[in-house]
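Residue numbers start at 1 and run along the sequence shown. Order of listing sets the numbers, starting from 1, for every ligand and every atom in it.
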Amino acid sequence: MITRFAPSPTGYLHLGHAFSILNGWYHVQRTSGRYLLRFEDIDQERCRPEFYEAIQEDLRWLGVEWETPIRFQSHHFLEYENLLTVLKERGLLYPCFCSRKQIEAEWCDSLQASHHAPDGSVIYPGTCKNMTVSEQQERLAAGYSHVWRLDMKAALEQINHPKTPLTWMEEGQGRQLCYPEAFGDVILARKDVLASYHLCVTYDDAFSAVDWITRGEDLRSVTSVHRVLQCLMKWPEPVYAHHILLKDETGQKFSKRHQSQTLRSLRDNGLTLKEIKAQITNYYS
Ligand code: GLU
């Protein structure tokens, strides 16, 4: 069994992270598995050097041991670019030149009510999908700002969904039905951030042979999108173990934005590892 912790170095870890980390770590110990660490740092604008070290310090304090080398997504842009080329060659990506405002306006004009995917992102109405190749080339050559979108319909055709329904395996719950249609044409690359979360996370997990993924239930719905990419690329299928998101005493989810909730500030205030583990254990029951 191989699992991983895949933080973005954009802030200090909090109690919610500790819960997620220990969830994976206890599983590794139960199964004599392997524990990997991966920094999801494709959005270099938002990452800060001090958080890479701070995260490792917190992991060590939690008693977690991970294998080296650590994987840094920012070192692998060339691989993500190659993947995008493969998808383009298979006719599965198209450039989209719409701004967020234009997309919203398009939905308003169409008078259609629901235009949000299960993860809260705005579904793309497909405006640029019908652009001719020469128009696409012209705009790309002129340096128009753009993103690359997955043509979900074409992708689902290639993997024969829903005729052969796509599913994922959820630990303790069995097979779950995917509903990738609900996400529409998701973004796989941007002009500034050259590869998207969906692309990198699925590629990296496959590359590192991660076969047991534990992460917050806020990411449960996007598993549908991840399964599409795994099937398209014939990557192995991992088992998922989505966990609840811990909330503080006011009922709010823990956030990197609240300094007072970080593991380091709890530690500085004298909280011991035993006490933190005890707090977390309460949530398991
Ligand atoms: N990097 C993501 C996060 O910090 C986790 C990605 C994943 O586990 O799939 O929320």
Side-chain angles (χ1 to χ4, degrees), residues 1-25 27-28 33-48 51-52 54-56 58-59 62 64 66 70-77 80 117-121 168-171 176 178 180 183 186-188 190 193-230 233 235-247 253-258 261-263:
M1 195 285 287
I2 306 180
T3 194
R4 46 64 169 181
F5 178 51
S8 299
T10 55
Y12 293 118
L13 300 184
H14 50 63
L15 217 51
H17 290 116
F19 180 72
S20 191
I21 292 163
L22 293 176
N23 214 25
W25 180 240
H27 192 72
V28 159
R34 294 168 55 194
Y35 197 90
L36 310 180
L37 175 60
R38 176 172 79 229
F39 282 110
E40 303 216 320
D41 57 352
I42 39 175
D43 189 349
Q44 288 277 289
E45 285 277 295
R46 293 182 52 233
C47 299
R48 296 272 171 279
F51 295 131
Y52 292 87
I55 288 171
Q56 291 177 70
D58 286 346
L59 279 165
L62 287 169
V64 172
W66 59 95
I70 297 169
R71 187 169 174 91
F72 298 84
Q73 289 189 329
S74 58
H75 297 180
H76 298 277
F77 279 119
Y80 305 137
D119 65 345
S121 62
W168 85 81
M169 181 58 94
E170 182 73 26
E171 177 83 39
Q176 310 289 308
C178 294
F183 289 83
V186 292
I187 295 173
L188 290 194
R190 297 180 187 278
V193 183
L194 300 173
S196 80
Y197 159 65
H198 298 314
L199 186 77
C200 302
V201 83
T202 46
Y203 171 72
D204 285 353
D205 284 334
F207 181 87
S208 306
V210 169
D211 54 10
W212 197 84
I213 295 177
T214 186
R215 57 186 184 187
E217 67 186 3
D218 53 335
L219 291 171
R220 185 183 172 105
S221 70
V222 296
T223 307
S224 286
V225 176
H226 297 177
R227 289 290 297 123
V228 172
L229 293 171
Q230 287 159 358
M233 303 307 294
W235 290 328
E237 181 192 350
V239 171
Y240 290 88
H242 294 97
H243 60 73
I244 54 158
L245 294 179
L246 261 53
K247 296 193 174 124
K253 278 187 288 181
F254 287 105
S255 159
K256 283 178 180 170
R257 286 187 296 277
H258 296 142
Q261 298 176 337
T262 63
L263 291 179

E217, CD atom: more than 12 neighbouring heavy atoms under 6.0 Å: yes
Proximity of F39 and H75 rings by center, below 6.0 Å: no
Salt bridge D205-R38, side-chain N to carboxylate O under 4.0 Å: yes
Y197, any N or O under 3.5 Å of ligand 1 N or O: yes
Sub-4.0 Å atoms of ligand 1 with respect to non-hydrogen atoms of E40: 1 (N), 2 (C), 5 (C), 6 (C)
Plane angle bin for F72 and Y52 - parallel if under 30°, tilted between 30 and 60°, otherwise perpendicular: tilted
Nearest-neighbour protein heavy atom for atom 3 (C) of ligand 1, which is reported as residue plus atom name and distance: A6 O, 4.0 Å
Min heavy-atom dist R4 to ligand 1 below 4.0 Å: yes
Sub-4.0 Å heavy-atom approach of F5 to ligand 1: no
F5 and W66 aromatic centres sub-6.0 Å: no
Check: H242/E170 side-chain N/O donor and acceptor closer than 3.5 Å: yes
Under 4.0 Å to a heavy atom of V201 - the qualifying atoms of ligand 1, by number: 9 (O)
Taking atom 10 (O) of ligand 1 as the reference point, the nearest protein heavy atom with its distance: L219 CD1, 4.3 Å
